[in-house]
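Take a look at the structure set out below.
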2 protein chains.
Amino acid sequence: MTRAAPPKRHLAAEIAAAIRSGDYRAGEWLRQVDLEESLGATRFDIRAALAELALRQTVEHVPNRGFRVAQPDRQRLRDMLAVRVLLECEAALGALPRLDEAALRLLERKADAFDHAVADGTTTSQSATNLDFHDTLYGFAPNRALVEVAVEIRDRARLWPLVLWPSVRALRRSAEGHRDILAALRSGDPARVAQSVRAHILGSAANDPDLEKLVQD
Amino acid sequence: MTRAAPPKRHLAAEIAAAIRSGDYRAGEWLRQVDLEESLGATRFDIRAALAELALRQTVEHVPNRGFRVAQPDRQRLRDMLAVRVLLECEAALGALPRLDEAALRLLERKADAFDHAVADGTTTSQSATNLDFHDTLYGFAPNRALVEVAVEIRDRARLWPLVLWPSVRALRRSAEGHRDILAALRSGDPARVAQSVRAHILGSAANDPDLEKLVQD
DNA sequence: GGCGCAATAATTGGCGCCATTACGCTACGC
DNA sequence: GCGTAGCGTAATGGCGCCAATTATTGCGCC
């Protein structure tokens with residue numbers, strides 16, 4: 001056999017990453033021929049991946065026209081943030097009683113990793129370490145289904161604000177948010193945990209001036 | 001043209017309905033040839049529909065083996081119910097301040113329709129009128145994204161308990177649940193609304209003896 | 001010179017075929 | 001008589017081609 005055989009790729013994730021990195025702008029049409037060439041995949045797989053992204057509302061599908069990057073209005077973005085707050089707060093609260101000293105230490109290391117990525121790291125490493133912190137925290141929650149839904153909704157809403165991310169100020173604020181959450185978790189106060197998670201999520205959209213005031217609602 | 005041309009069918013929903021009606025049991029393999037014959041669709045569309053259901057975790061996909069109906073364990077069912085409570089309570093609470101007298105009248109008519117379906121109706125009409133009541137209520141919530149997620153998660157979790165539905169006792173309890181929710185909405189008390197919605201959702205799984213005690217947690 | 005229409009070109013999307021893979025049966029050996 | 005290995009069969013799934021639909025460009029007309 002000439003090739004080692006590419007075992008399996010998740011093309012939908014690759015396309016989503018391409019959108020996230022700015023290769024395609026909101027509202028732009030995604031031509032299947034371009035994707036099949038740039039990703040080196042067959043048209044069949046491209047279509048399956050696009051259908052998957054359409055189901056996740058990452059892209060919009062217009063019959064006989066094609067797929068284009070979804071462009072949510074401000075109201076919808078606000079609404080999605082509220083849903084994220086609801087789900088992720090619940091996940092964090094579920095994790096709270098299950099956190100022992102070792103778990104808190106682990107979370108601190110994850111927070112450190114994000115700090116380092118903010119200081120000197122690529123956008124992708126910043127994103128990865130950030131997600132790692134949250135996933136680790138939610139991983140302690142007993143309700144597995146809740147965590148899955150929370151992560152799914154987060155990733156669904158994550159596409160658009162991330163384009164605006166490279167603001168150093170927002171990154172520093174995000175790092176501080178992790179510390180706030182850790183402090184709240186150590187205090188053991190559920191209300192404080194919920195508040196810190198809420199502020200952190202809403203703050204992630206705060207680099208957009210129009211969304212800034214959402215934090216104070 | 002010989003045929004009026006079937007414009008477009010949502011095959012995934014039809015397959016889900018077939019599973020719901022009991023044509024396929026949990027864990028059973030879904031052969032593509034059978035579906036393509038029974039639904040009168042092409043293999044291509046069947047595969048797309050199955051992929052969609054796999055993404056919604058309605059069916060499980062095993063490479064080179066096929067698709068089979070997912071069979072969640074009790075713990076996962078419990079977890080999904082908790083997520084539903086979280087989302088649907090929030091949606092109901094969001095709708096609460098927006099309900100005027102006309103809206104409450106409308107909801108009462110929807111509740112009446114469900115009562116009639118319970119008294120003399122098919123399982124599908126019972127299911128439809130029940131969903132209609134909830135969708136109407138949530139439709140008043142200002143957060144559109146929240147409602148969409150809530151409905152999506154509900155439909156995702158709805159498959160399995162519904163097989164157990166035809167219990168008349170559970171249906172009557174469900175009808176009473178609607179009345180409780182309406183009374184709570186009329187009282188305007190958020191805590192009471194949340195409690196009634198919570199009890200109604202948890203009660204929907206109460207015809208399973210093993211799940212009965214979940215209501216009192 | 002501008003607008004509308006039609007022909008052309010490009011892109012999407014439906015569908016069938018064939019290779020790959022897993023399962024079940026049978027035959028052989030111990 | 002039982003276990004195992006090999007083969008036959010049937011199902012999955014990957015891929016390419018062709019029809020349907022739409023955007024675009026050029027031409028004719030007002």
Side-chain angles (χ1 to χ4, degrees), chain A residues 1-19 22-71 159, chain B residues 1-19 22-71 159:
Chain A
M1 50 189 79
T2 54
R3 298 221 169 181
K8 47 186 172 184
R9 303 164 55 184
H10 203 195
L11 282 173
E14 295 186 37
I15 296 175
I19 295 173
D23 293 354
Y24 301 95
R25 292 171 184 269
E28 187 176 345
W29 288 100
L30 267 53
R31 276 181 302 172
Q32 295 178 5
V33 277
D34 288 354
L35 291 171
E36 116 185 65
E37 190 171 359
S38 63
L39 294 177
T42 69
R43 170 168 302 226
F44 185 88
D45 295 319
I46 294 291
R47 277 182 51 188
L50 285 173
E52 182 179 335
L53 291 177
L55 220 71
R56 293 186 189 168
Q57 302 180 354
T58 302
V59 299
E60 184 191 6
H61 177 53
V62 181
N64 293 330
R65 286 289 302 277
F67 298 82
R68 68 176 148 191
V69 183
Q71 41 183 357
L159 282 244
Chain B
M1 49 191 81
T2 55
R3 298 220 168 185
K8 47 188 173 186
R9 304 164 55 185
H10 203 197
L11 282 172
E14 294 186 36
I15 296 175
I19 296 173
D23 293 354
Y24 301 95
R25 292 171 184 269
E28 186 175 347
W29 289 101
L30 266 52
R31 276 181 301 172
Q32 294 179 6
V33 278
D34 289 354
L35 291 171
E36 112 185 70
E37 191 170 1
S38 64
L39 294 177
T42 70
R43 170 170 300 232
F44 185 88
D45 296 320
I46 294 290
R47 278 181 50 188
L50 285 173
E52 183 179 334
L53 290 176
L55 220 71
R56 293 187 188 168
Q57 301 180 355
T58 302
V59 300
E60 184 190 6
H61 177 53
V62 181
N64 293 330
R65 286 290 302 277
F67 298 82
R68 68 176 146 189
V69 183
Q71 42 183 357
L159 283 241

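What you see is a predicted model; the values in this text were computed from it and never measured. Convention: sequence-line order gives letters A, B, ...; per-chain numbering from 1.
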Which parts of residues 44-64 of chain B get close to DNA chain D, meaning a heavy atom less than 4.0 angstrom away? B:R47, B:H61, B:V62, B:P63, B:N64
A:R43 side chain near A:L35 side chain, heavy-atom distance below 4.5 Å: no
Taking the side chain as every heavy atom from C-beta outward, state whether A:W29 and A:V62 have any atom pair closer than 4.5 Å. yes
Would you mind reading off the distance between A:E36 atom CD and D:dC17 atom P, rounded to a whole angstrom? 12 Å
Atom CG of B:D34 to atom P of D:dA10: distance rounded to whole Å? 14 Å
Of A:R65 and A:R43, whose closest DNA chain D nucleotide lies nearer the 5' terminus? A:R43
Validation row: B:E14, B:H10 side chains within 4.5 angstrom (heavy atoms): no
The helix from C:dG1-D:dC30 to C:dC30-D:dG1: angle between end helix axes, five pairs per end, rounded to 10 degrees: 0°
Once you round to the nearest 0.5 Å, how far does CD1 of A:I15 lie from CG of A:L39? 5.5 Å
Do A:Y24 and A:L30 touch side chain to side chain, with heavy atoms closer than 4.5 Å? yes
One should read off an interatomic distance between A:T42 OG1 and A:I46 CD1, to the nearest 0.5 angstrom, of 7.0 Å
Tell me: CZ of A:R9 to P of D:dG14, nearest whole Å? 13 Å
To the nearest 0.5 Å, what is the distance between CG on A:L53 and CG on B:L55? 9.5 Å
Here the distance between atom C1' of D:dT12 and atom CZ of B:F67, to the nearest Å, is 9 Å
Heavy atoms of chain A, cut-off under 4.0 Å: which first and last nucleotide of DNA chain C, 5' to 3', fall inside that, if you could look? C:dT11 to C:dG14
Among A:H61, A:E28, A:E60, side-chain hydrogen bond (donor to acceptor under 3.5 Å, both in side chains) partner for A:R68: A:E60
Minimal non-hydrogen separation, A:A12 against A:A49, with atom names: N-CB, 3.6 Å
Does D:dT12 have OP1 or OP2 under 4.0 Å away from a side-chain N or O of B:R31? no
Is there a side-chain contact between A:E37 and A:R31 in this structure, where contact means two heavy atoms from C-beta onward sitting under 4.5 Å apart? no
I need the CH2-C1' distance between A:W29 and D:dT21, as an integer number of Å. 13 Å
Are A:D45 and A:R9 packed together at the side-chain level, in the sense that at least one heavy-atom pair is separated by less than 4.5 angstrom? no
